Amino acid sequence: MGFLDAILGRSKPVRPDLDRLFALPSAAVTLQAAAGFRPTGLGSVCFASVEGGAFRGIQEEVRNLLGRPAEFSQDEYGYSWMLARHEPDDSAGLVNDLHTVNSSLESAGFGPQLLCSLMGFRDDRDRSLALVYLYKRGTFYPFAPLTGSEGAAAKRDNALELEIRAVLADDLEIETDLSRWFPVWGAPGL
């Protein structure tokens, strides 16, 4: 960052660090012990849509890299999602798949299209929770939709999200700007 940038209050964007994803398995252990949320074995990567042959090429490359089926979909906002499935007790395998997908998209020149990755959790009360990694910020945040809350009336369990933030403060780099805790309604893996 240059002198003029400092005077004008400009900051250098945070460089994504995909290796931070590898903190998720230990965070999952903390989350289960402290809050009763267990991994579901589902995780996904979200990226801005890529058209035509490039998208088909990405799908094929991801399937070849993972060596297992990967499900691709588009949400109502036009974003593309890749869903990975593992046994619920294989958080490390799931995180490896998410890291592989992010890394391959990044190395293929699609880094600017990467938005987030998430890992799903559920508790005994059937509440859903996702730990969301913001690619461009290099940080995590919890997302907790209220059960039965869908569509335009969708609501979040803000108290639970703040509780989870406190529980995981030592495990993950938590996003400090709450306005960046974007809802991921209907995300595959949630």
Side-chain angles (χ1 to χ4, degrees), residues 14-47 61-73 80-107 110-111 114-145 156-157 160-178 180-184 186-190:
V14 175
R15 183 152 169 76
D17 182 1
L18 290 174
D19 288 346
R20 289 185 178 174
L21 288 170
F22 292 119
L24 281 170
S26 66
V29 171
T30 301
L31 194 55
Q32 186 169 355
F37 279 89
R38 293 172 313 286
T40 61
L42 302 174
S44 55
V45 175
C46 180
F47 51 97
E61 180 180 342
V62 165
R63 288 185 179 111
N64 290 336
L65 284 169
L66 299 183
R68 69 175 58 79
E71 300 169 33
F72 287 86
S73 63
S80 296
W81 291 87
M82 186 287 307
L83 174 68
R85 295 177 185 269
H86 277 259
E87 291 299 317
D89 62 346
D90 188 15
S91 294
L94 178 62
V95 168
N96 280 336
D97 283 358
L98 297 177
H99 187 276
T100 298
V101 170
N102 277 290
S103 296
S104 65
L105 287 168
E106 188 178 61
S107 66
F110 296 108
L114 284 168
L115 302 174
C116 68
S117 296
L118 65 85
M119 183 173 170
F121 296 84
R122 196 167 294 280
D123 72 356
D124 291 335
R125 294 169 39 195
D126 205 33
R127 294 183 298 175
S128 294
L129 175 75
L131 294 180
V132 182
Y133 175 74
L134 289 172
Y135 178 79
K136 290 175 176 52
R137 304 275 297 171
T139 56
F140 292 87
Y141 67 91
F143 174 68
R156 298 166 72 164
D157 188 340
L160 178 60
E161 290 176 355
L162 295 174
E163 175 188 333
I164 299 303
R165 173 183 69 175
V167 165
L168 296 176
D170 293 334
D171 291 274
L172 299 174
E173 182 73 29
I174 301 292
E175 176 59 50
T176 57
D177 183 354
L178 298 182
R180 294 193 181 268
W181 290 23
F182 305 110
V184 287
L190 184 59

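Computed from a predicted structure; not experimentally measured. We number each residue from 1, following the sequence as shown.
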What verdict does the salt bridge (Lys or Arg N to Asp or Glu O under 4.0 Å) test give for Arg85 and Glu71, after you've listed the backbone C-alpha separation in whole Å, the side-chain angles of each residue and the deciding distance to 0.1 Å?
CA-CA 9 Å; Arg85 295 177 185 269; Glu71 300 169 33; 2.6 Å; yes

Step by step, work out the side-chain contact (heavy atoms from CB on, under 4.5 Å) result for Ser117 and Asn102.
CA-CA 8 Å; Ser117 296; Asn102 277 290; 2.8 Å; yes

Mind running side-chain contact (heavy atoms from CB on, under 4.5 Å) on Phe182 and Phe143 for me, showing each step along the way?
CA-CA 8 Å; Phe182 305 110; Phe143 174 68; over 6 Å; no

side-chain contact (heavy atoms from CB on, under 4.5 Å), that's the test. Do Asp177 and Tyr141 meet it? Break it down for me.
CA-CA 10 Å; Asp177 183 354; Tyr141 67 91; over 6 Å; no

Is there a side-chain contact (heavy atoms from CB on, under 4.5 Å) between Phe121 and Gln32? Walk through the geometry before answering.
CA-CA 9 Å; Phe121 296 84; Gln32 186 169 355; over 6 Å; no

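In this structure, Val62 and Ala70 approach most closely via the heavy-atom pair CG1-CB, 4.1 Å. Across all their heavy atoms, Leu66 and Met82 have their closest contact at CD1-SD, 4.4 Å. Among all heavy-atom pairs drawn from Trp81 and Ala187, the shortest one is CH2-CB, 3.6 Å. Contact detail for Gly43 and Leu83: the closest heavy-atom pair is O-CD1, 3.4 Å. Nearest heavy atom pair, residue Gly189 against residue Leu42, reads CA-CB, 3.6 Å. Across Ser104 and Glu61, no two heavy atoms sit closer than the pair CB-OE2, 3.5 Å.
Counting only heavy atoms from C-beta outward, the side chains of Pro142 and Leu160 never approach each other to under 4.5 Å. Annotation: side chain of Pro39 is in contact with side chain of Met119 (closest heavy-atom distance under 4.5 Å). In this structure, Arg165 and Leu178 have side chains that are in contact, with non-hydrogen atoms separated by less than 4.5 Å. The side-chain heavy atoms of Phe22 and Asn96, taken from C-beta on, include a pair separated by under 4.5 Å. Within the 4.5 Å cutoff, the side chain of Leu24 has no heavy atoms near those of the Leu94 side chain. For the pair Pro145 and Arg156, the minimum side-chain heavy-atom distance is 4.5 Å or more. Using a 4.5 Å heavy-atom cutoff, the side chains of Tyr135 and Leu115 are not in contact. For the pair Tyr133/Leu172, no side-chain contact is recorded, criterion being any heavy-atom separation below 4.5 Å from C-beta on.
The 12-atom threshold is exceeded at CG of Asp19, counting heavy atoms of other residues, nucleotides or ligands nearer than 6.0 Å.
Here the side chain of Thr40 pairs a donor or acceptor atom with the backbone of Gly120 at under 3.5 angstrom. When atom types are taken as modelled, the side chain of Arg20 and the backbone of Gly138 share a donor-acceptor pair closer than 3.5 angstrom. Of the possible donor and acceptor atoms, one in the side chain of Lys136 sits under 3.5 Å from a partner among the backbone N and O of Leu114. Of the possible donor and acceptor atoms, one in the side chain of Ser44 sits under 3.5 Å from a partner among the backbone N and O of Pro188. Without hydrogens or angle criteria, Ser26 side chain to Ala23 main chain gives a donor-acceptor distance under 3.5 Å.
Atom OG1 of Thr30 is separated from atom CG of Asp171 by 3.5 Å, given to the nearest 0.5 angstrom. With values rounded to the nearest 0.5 angstrom, Arg127 atom CZ is found 11.5 Å from Arg122 atom CZ.
Partner Thr139 forms a side chain to side chain donor-acceptor pair (under 3.5 Å) with one of Glu175, Arg180, Glu173 and no other, that one being Glu175. Considering Leu21, Leu118, Leu168 in turn, Leu168 is the only one that fulfils the side chain to side chain contact (heavy atoms under 4.5 Å, CB included) rule with Leu131.
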